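Below: one structure, written as structure tokens.
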Amino acid sequence: MEHGEADTPIRLIVRENGQERTLELSTKVITIGRSKENQIEVEDISSSRRHCRLAQSNGCWAIEDLQSRNGTLVNGILVRKKELQPGDCIEIGKTRVYFERVPTESLLQSHPAGATMLLPTDYFMEPITEPLEKSQKMMKREREIFLRLQEVCKRLCDTVVLNQLLDIIIDTVLEITGAERGFIILQEGGELRIRASRNIDKEAVKKAEVKVSHSITSHVLRTGRPVLAGDARSDQQTREFNSVRDLRLESVLCVPLRYRGANIGVIYVDNRFERNAFHSNQLRFIEFLADQAAINIENARLFEENRRIQDEQRKAIEDRETIGRQLQEKLLASEATLDVVKEVLSRKSTHNFKYNYSSIITKSPKMYQLFEMIDKIIDTDVPVLIQGESGTGKELVAKAIHEQGKRAQGPFIPQNCAAIPPNLLESEFFGHVRGAFTGAVQNKKGLFQEADGGTLFLDEIGDMSLDLQTKLLRVIEDRRIRPVGGKDLVEVDVRIISATNRPLKEMMERKQFRDDLFYRLNVLNVVLPPLRDRRDDIPLLVDFFLTNISLRTGRPKPQVDGQTLYHLMQYHWPGNVRELENEIERMFALAGDVITTELLSAALLESGEPRRRSITTQGTLKEVLTSRKEELEREVIERSLEELDWNKSKTAKALGVSRPTLDQKIDKYKLKRPVKPPKGES
């Protein structure tokens, strides 16, 4: 269409909110939208601020959508860019803009304002050059396909079961292409697997593995480019593949499933009897579907993986409960020896970790969960904060991270921050030069220089002064230190692993620990459970300590009788593994061939009954119930006091009793606050 000179006015008829207005504009570019900056301002809520643009070029006018929120339609079709003809109707929501003139009433009725928006044909189709009648049929068919794809995408987003998802995808592909057979092939564990197949009768393809051209599949996966062959045995892309000849394929369409830059599989359809069964428009449709399907397939895989992990964790908990019952039955019956308990524990399923954690003695599911997390952080260089009660083995975990990481050849320097006198902290950490202070008779390297190229393990980081915290933060950020009395900065390459048994977040609130240092150290957080939360490990640890002491002293390893093991399992171990090790050391020194209850500390003897009697010898039902009630009451009060750090007021409130009542119960059950290990131990 020719409009003469560039400044010839263009006539637009705008119908909005039941009103009509005619505009004549002489500029070469006209924008339409809700903003007042546009030449044509519309009030329609479906319009974007800058919705679309009309521009003149070479005597013709074209409309271009400006990435609007709801799209621009021309004659009922969603377009990105289109040349305009007189009578064309531009739809923006319910607003209509007619180019040059209003078309006939029949055309208006065929595209009512506000009709359902179709998916953008112009985004995917080649320009139609066929006769009008044929092109209209094609347009109708493609509109149906796009609407079908829109519906399928919604179904895919609602499906998280992989097999169901693949069924929806393959059924849709066959419906769109009319293929004889269709397959979805995914990469799993380094291999290609056919996960879904259909024939024209919507049945699974028998012996699907030998019905697919693996050469075409591998080519598409390797190149990431689709293959469309109308005469597969003659086509330049596919004629060299032996499988094409062997399978006697006529038409083949294979599209990659792409996810985050990687090809995770293909959608593959073929026809053995018809040439040119698929065309380029179908390829575009299947590519559109494949891109959406790949996202949903990966989501479904993640869902199934999470479900598998949850099932494993649930099974581990069930196994732990079963083993716990078995141990409890044997221990209460005073028949369990250390060997019997170890045999029961050995029934637990093995775990395949990336790294070796044999230096940490455990069969606890809680510790296995920690190992799974540590597996992911060993190869990194980011700081790690290990939290846990005193004696839980924080240094063991730090060593496991260092010795199997990329810094394993470098030094591992452990330092208890609470063990350094305050006036020497800075010198210990950063070193000093000769003459820096009285007694500094020569240069001395600090901990950071000693750990250069390796790992510095800072235990009890919560005991560090605020002044030193500031200097430590600067070192972490700059990777440079200045020795005491020195002028030059020294570069250091150190991975910091820190540990504490103190509540750093509470200390931050009280301004006793710097917030910025906490977030620098707490990039990766490992929380070790106390020994009372993994009692199943006690027999393993007892055997480990006895074996080590026996090898060290040259004395035979003594046996542990059932009653003694029962008390060891029942005790709450406020000092955790370190307290258990000290107890075993003491008993080994005093024992003969067998470790009996007479060698136990007083606190451990109070942790359980001397011997379990049969029910019939424990008195009347009332006496038995009273005794069991008191046992439970004692345990609840004792654990509540421990959890609240023996704050009696808080404990009384938590238990719903008065403070005097709680004091009476403490006296009745002879409960005593456990003695904490000396400050500075971990």
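For this chain, numbers begin at 1 and follow the sequence in order. Treat the numbers as computed from the prediction; the structure is a model and nothing was measured.
The pair Asp493-Arg479 meets the salt-bridge criterion, since a charged nitrogen lies less than 4.0 angstrom from a carboxylate oxygen. Under the 4.0 Å criterion applied to side-chain N and carboxylate O atoms, Arg272 and Glu250 are not assigned as salt-bridge partners. Checked for salt-bridge contact, Glu477 and Arg520 meet the test: a charged N lies under 4.0 Å from a carboxylate O. In summary, Asp379 and Arg407 do not engage in a salt bridge, as defined by a charged side-chain N under 4.0 Å from a carboxylate O. Between Glu304 and Arg301 there is no salt bridge, since no side-chain N of the basic residue sits under 4.0 Å from a carboxylate O of the acidic one. Ion pair Arg15/Glu20 flagged as a salt bridge, since at least one NZ, NE, NH1 or NH2 atom sits closer than 4.0 Å to an Asp/Glu carboxylate oxygen. We find that Asp291 and Arg258 are joined by a salt bridge, their nearest charged nitrogen and carboxylate oxygen being less than 4.0 Å apart. A salt bridge does not link Glu24 with Arg11: every distance from a Lys NZ or Arg NE/NH1/NH2 to an Asp or Glu carboxylate oxygen is 4.0 Å or more.
Each of Ile30, Asn38, Ile63 was compared with Cys52 under the side-chain contact (heavy atoms from CB on, under 4.5 Å) criterion, and only Ile63 meets it. Here the rule is side-chain contact (heavy atoms from CB on, under 4.5 Å) with Ile184, and of Ile170, Asp167, Leu165 only Ile170 fits it. Among Arg53, Lys81, Lys82, the single residue meeting the side-chain hydrogen bond (donor to acceptor under 3.5 Å, both in side chains) criterion with Glu64 is Arg53. Checked options Val42, Leu66, Val14; the residue passing with Ile32 is Val42 (criterion: side-chain contact (heavy atoms from CB on, under 4.5 Å)). With respect to Asp270, the salt bridge (charged side-chain N to carboxylate O under 4.0 Å, His left out) criterion is satisfied by exactly one of Arg198, Lys211, Arg181, Arg275: Arg181.
Atom CG of Leu228 sits about 8.5 Å away from atom CZ of Phe278, to the nearest 0.5 Å. Note: Gln187 CD to Asn263 CG = 7.5 Å, rounded to the nearest 0.5 Å. Rounded to the nearest 0.5 angstrom, Ile216 CD1 and His214 NE2 are separated by 11.0 Å. To the nearest 0.5 angstrom, Asn525 atom CG is 9.5 Å from Ile377 atom CD1. Ser47 contributes atom OG, which lies 6.0 Å from atom CZ of Arg34 (distance to the nearest 0.5 angstrom). Rounding to the nearest 0.5 Å places OH of Tyr98 at 10.5 Å from CD1 of Ile90.
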| query | Between Leu289 and Val255, is a side-chain contact (heavy atoms from CB on, under 4.5 Å) present by the stated rule, with each step listed? | reply | CA-CA 10 Å; Leu289 177 62; Val255 175; over 6 Å; no
| field | Worked verdict on Glu305 versus Arg308 for salt bridge (charged side-chain N to carboxylate O under 4.0 Å, His left out) | value | CA-CA 5 Å; Glu305 177 65 13; Arg308 182 190 66 78; 2.4 Å; yes
| Run the side-chain contact (heavy atoms from CB on, under 4.5 Å) check on Thr455 and Val494 step by step: do they pass? | CA-CA 6 Å; Thr455 302; Val494 174; over 6 Å; no
| Check against side-chain contact (heavy atoms from CB on, under 4.5 Å), Phe183 and Val269 | CA-CA 6 Å; Phe183 307 85; Val269 294; over 6 Å; no
| message | For a side-chain contact (heavy atoms from CB on, under 4.5 Å) check, start with the C-alpha distance between Thr217 and Val212, then their side-chain angles and the critical distance, and finish with the verdict. | response | CA-CA 8 Å; Thr217 301; Val212 172; 3.7 Å; yes
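The local environment of CD in Glu191 is sparse, with at most 12 non-hydrogen atoms from other residues, nucleotides or ligands closer than 6.0 Å. Heavy atoms of other residues, nucleotides or ligands lying less than 6.0 angstrom from CZ of Arg260 number 12 at most. Open room surrounds CD on Glu43; 12 or fewer heavy atoms of other groups in view lie less than 6.0 Å from it. Within 6.0 Å of the CZ atom in Arg248, the count of heavy atoms belonging to other residues, nucleotides or ligands does not exceed 12.
Taking every heavy atom of both residues into account, Ser251 and Ala277 meet most closely at OG-N, 3.1 Å. Across every non-hydrogen atom of Ala290 and Leu257, the tightest pair is O-CD2, 3.5 Å. Listed here is the closest heavy atom pair of Trp61 and Phe99: CB-CZ, 3.7 Å. Nearest heavy-atom pair across Arg225 and Pro256 is C-CD, 4.3 Å. Contact between Cys60 and Glu83 at its shortest, heavy atoms only, is SG-OE2, 3.9 Å. Looking at every heavy atom in both residues, Leu174 comes nearest to Gly182 through CD2-N, 3.8 Å.
Using a 3.5 Å distance cut-off with no hydrogens or angles, the side chains of Arg495 and Thr380 do pair a donor with an acceptor. A donor and an acceptor atom, one from each side chain of Asn296 and Asn299, are nowhere located under 3.5 Å apart. No side-chain donor from either of Glu180 and Asn199 sits under 3.5 Å from a side-chain acceptor of the other. Side-chain atoms of Asn163 and Arg195 form a donor-acceptor pair, as typed in the model, at a separation below 3.5 Å. For the residue pair Asp65 and Thr72, a side-chain donor N or O sits within less than 3.5 Å of a side-chain acceptor on the partner. No side-chain donor-acceptor contact under 3.5 Å links Gln282 and Thr177.
Judged by distance alone, with hydrogens and angles left aside, the side-chain atoms of His219 form no donor-acceptor pair with the main-chain N or O of Gly224 at under 3.5 Å. Judged by distance alone, with hydrogens and angles left aside, the side-chain atoms of Asp44 form a donor-acceptor pair with the main-chain N or O of Lys94 at under 3.5 Å. Judged by distance alone, with hydrogens and angles left aside, the side-chain atoms of Asp478 form no donor-acceptor pair with the main-chain N or O of Val475 at under 3.5 Å.
Residues Val97 and Ile13 form no side-chain contact, since every pair of their non-hydrogen atoms from C-beta on lies 4.5 Å or further apart. Contact check for Leu456 versus Ile497: no side-chain heavy atoms found under the 4.5 Å cut-off. For the pair Ser498 and Pro383, the minimum side-chain heavy-atom distance is 4.5 Å or more.
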Return a table of donor-acceptor pairs under 3.5 angstrom between the side chains of residues 200-209 and protein atoms on other chains or two or more places apart.
none

